[in-house]
Amino acid sequence: MNLSTTSPQKEGTQFLLFFILSIALMVMDHYSHLLSNFRNVLLTTIDPIERTATLPLDIYNWMQQDYTTINQLQMRNQQLETENLLLKAQQQQMGKLKLEINRLNRLLGTASQMSSSSVQIANVSSYSETPLAQFYTLNKGSLDGVKINQTVIDAKGLIGQITSLTPSSSRVQLITDPDIQVPVRIQRTGQRGILNGLGHNQLSLMFIPNSSSIKEGDLLETSGLGDVFPEGHPVATVRQVNLLKGEPYYEIFARPVADLNLSQKVLILSKKTERDNHVR
């Protein structure tokens with residue numbers, strides 16, 4: 001009985017002593033800072049332990065941040081590559097548009113000089129060059145008002161003549177075709193002759209007497225004779241003049257001034273009528 005009553009009293013006494021001691025230490029520390037050094041030593045001892053304990057979390061946060069940064073850089077790099085590709089594509093389109101504008105300006109400049117023909121712009125959809133035939137296929141046909149025997153030119157000179165039609169397309173026989181003949185004259189002298197196709201971008205000028213004045217580089221233009229081609233369009237330049245012994249005419253070779261292998265847009269010419277006096 002004495003033990004059971006004594007033990008709680010002893011515990012109560014111990015608690016009271018510790019409580020008083022704590023209060024005393026707090027008062028002493030507040031007024032005299034006696035425990036400051038002890039607390040500093042304790043914090044210094046505990047700090048490495050705290051750092052070690054938080055190290056895995058710090059490493060995880062660092063790696064997570066670095067991984068996020070790498071992902072952002074990769075995404076930004078992909079975005080920049082995409083934008084660069086689009087800019088290059090747009091630059092190509094701009095270059096193409098500039099070329100297209102230049103071509104149209106040259107064609108329209110040619111069209112503005114027409115005084116006896118109406119004009120229609122057409123695209124070259126295909127080109128054929130064989131020993132037997134050289135021709136263009138255009139994207140304009142009978143539904144667009146195109147007719148057989150209309151003259152076709154580009155920004156530099158004569159290309160050929162419409163020889164066949166479908167409702168939506170037409171075929172142009174080129175001046176280099178062996179079956180085509182173009183009445184021409186030497187621009188410098190006015191001497192007339194006939195230009196015949198030889199194929200492969202080559203032409204032959206016939207019926208020029210060997211007493212005529214002609215030289216390499218002379219420009220040949222349509223003469224308008226026979227009412228086949230309109231007068232005054234550049235056709236070819238003289239490339240070579242040969243004097244044949246015992247022959248009354250020169251042997252003359254020429255090359256077209258038109259870009260037969262490069263033309264993408266052409267003009268289809270037709271005689272003006274009272275109702276058709278405009279540029280289509």
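Along the sequence shown, residues are numbered consecutively beginning with 1.
Counting only heavy atoms from C-beta outward, the side chains of T237 and D218 never approach each other to under 4.5 Å. Looking at heavy atoms from C-beta onward, Q264 lies out of side-chain contact with N123 at the 4.5 angstrom threshold. In this structure, I159 and T151 have side chains that are not in contact, with every pair of non-hydrogen atoms separated by 4.5 Å or more. Side chains of N149 and V228 form no contact here, defined as non-hydrogen atoms less than 4.5 Å apart. When side chains are defined from C-beta on, M206 does not count as touching Y249, because their heavy atoms never get closer than 4.5 Å. The closest side-chain heavy-atom distance from I175 to P256 is below 4.5 Å. Side-chain contact between R239 and E216 is absent, with no heavy atoms from C-beta onward closer than 4.5 Å. By the 4.5 Å heavy-atom criterion applied to side chains, N201 and L260 are counted as neighbours.
Here CD1 of I194 is found 13.0 Å from CZ of R185. Values are rounded to the nearest 0.5 Å. Rounding to the nearest 0.5 Å places OH of Y127 at 6.0 Å from CG of L174. For the atom pair CD1 of I121 and NZ of K265, the computed distance is 7.0 Å after rounding to the nearest 0.5 Å. Rounding to the nearest 0.5 angstrom, the gap separating the OG atom in S164 from the CD atom in Q173 is 9.5 Å. The distance from atom CG of N261 to atom CD of Q134, rounded to the nearest 0.5 Å, is 9.5 Å. To the nearest 0.5 Å, atom CE of residue M75 and atom CG of residue N77 are 11.5 Å apart.
L244 and L203 fall into different hydrophobic clusters, where Ile, Leu, Val, Met, Phe, Trp and Tyr residues are linked whenever their side-chain heavy atoms come under 4.5 Å apart, directly or through other members. At a threshold of 4.5 Å between side-chain heavy atoms, the hydrophobic network of Ile, Leu, Val, Met, Phe, Trp and Tyr places L195 and V238 in one connected group.
A side-chain donor-acceptor contact under 3.5 Å links D154 to the backbone of D259. Put simply, the side chain of Q150 gets close to the backbone of K147: a donor and an acceptor are under 3.5 Å apart. Looking only at distances, no side-chain donor or acceptor of S169 sits under 3.5 Å from a matching main-chain atom of N139. Between the side chain of T189 and the backbone N or O of Q191 there is at least one donor-acceptor pair closer than 3.5 Å. Looking only at distances, a side-chain donor or acceptor of N210 sits under 3.5 Å from a matching main-chain atom of E247. Between the D144 side chain and the V146 main chain, no donor and acceptor come within less than 3.5 Å of each other. Remark: the backbone N or O of L165 is not paired with any side-chain donor or acceptor of S142 at under 3.5 angstrom. Looking at T222, its side chain does come within 3.5 Å of a backbone N or O of H233 through a donor-acceptor pair.
Under 3.5 Å, the side chains of E221 and Q187 contain a donor-acceptor pair of N or O atoms. Side-chain contact, N242 with Y250: no donor N or O sits under 3.5 Å from an acceptor N or O.
When all heavy atoms of I180 and F229 are compared, the pair lying nearest together is CD1-CZ, 4.2 Å. In plain terms, the two heavy atoms of V266 and V124 that are nearest each other are CG1-CG2, 4.0 Å. Here the closest heavy-atom approach between residue A258 and residue G157 is recorded as CB-O, 3.8 Å. The heavy-atom pair separating L269 from P230 by the smallest distance is CD1-CG, 4.2 Å. Contact record, I268 with K140: CD1-CB, 4.2 Å, taken as the closest heavy-atom pair.
Here the options are L219, L220, V235, the test is side chain to side chain contact (heavy atoms under 4.5 Å, CB included), and the partner is V257; only L219 passes. Each of S263, S128, S126, S170 was evaluated against Y136; a single residue qualifies, S263, per the side chain to side chain contact (heavy atoms under 4.5 Å, CB included) test.
Around CZ of R255, the count of heavy atoms belonging to other residues, nucleotides or ligands within 6.0 Å does not exceed 12.
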- Message: As a quick check of understanding, evaluate side-chain contact (heavy atoms from CB on, under 4.5 Å) for R192 and L225, giving each step before the final call.
- Response: CA-CA 9 Å; R192 294 186 178 90; L225 291 181; 3.2 Å; yes
- With side-chain contact (heavy atoms from CB on, under 4.5 Å) as the test, would you mind laying out the steps for L267 and V152 before giving the verdict? CA-CA 6 Å; L267 293 175; V152 178; over 6 Å; no
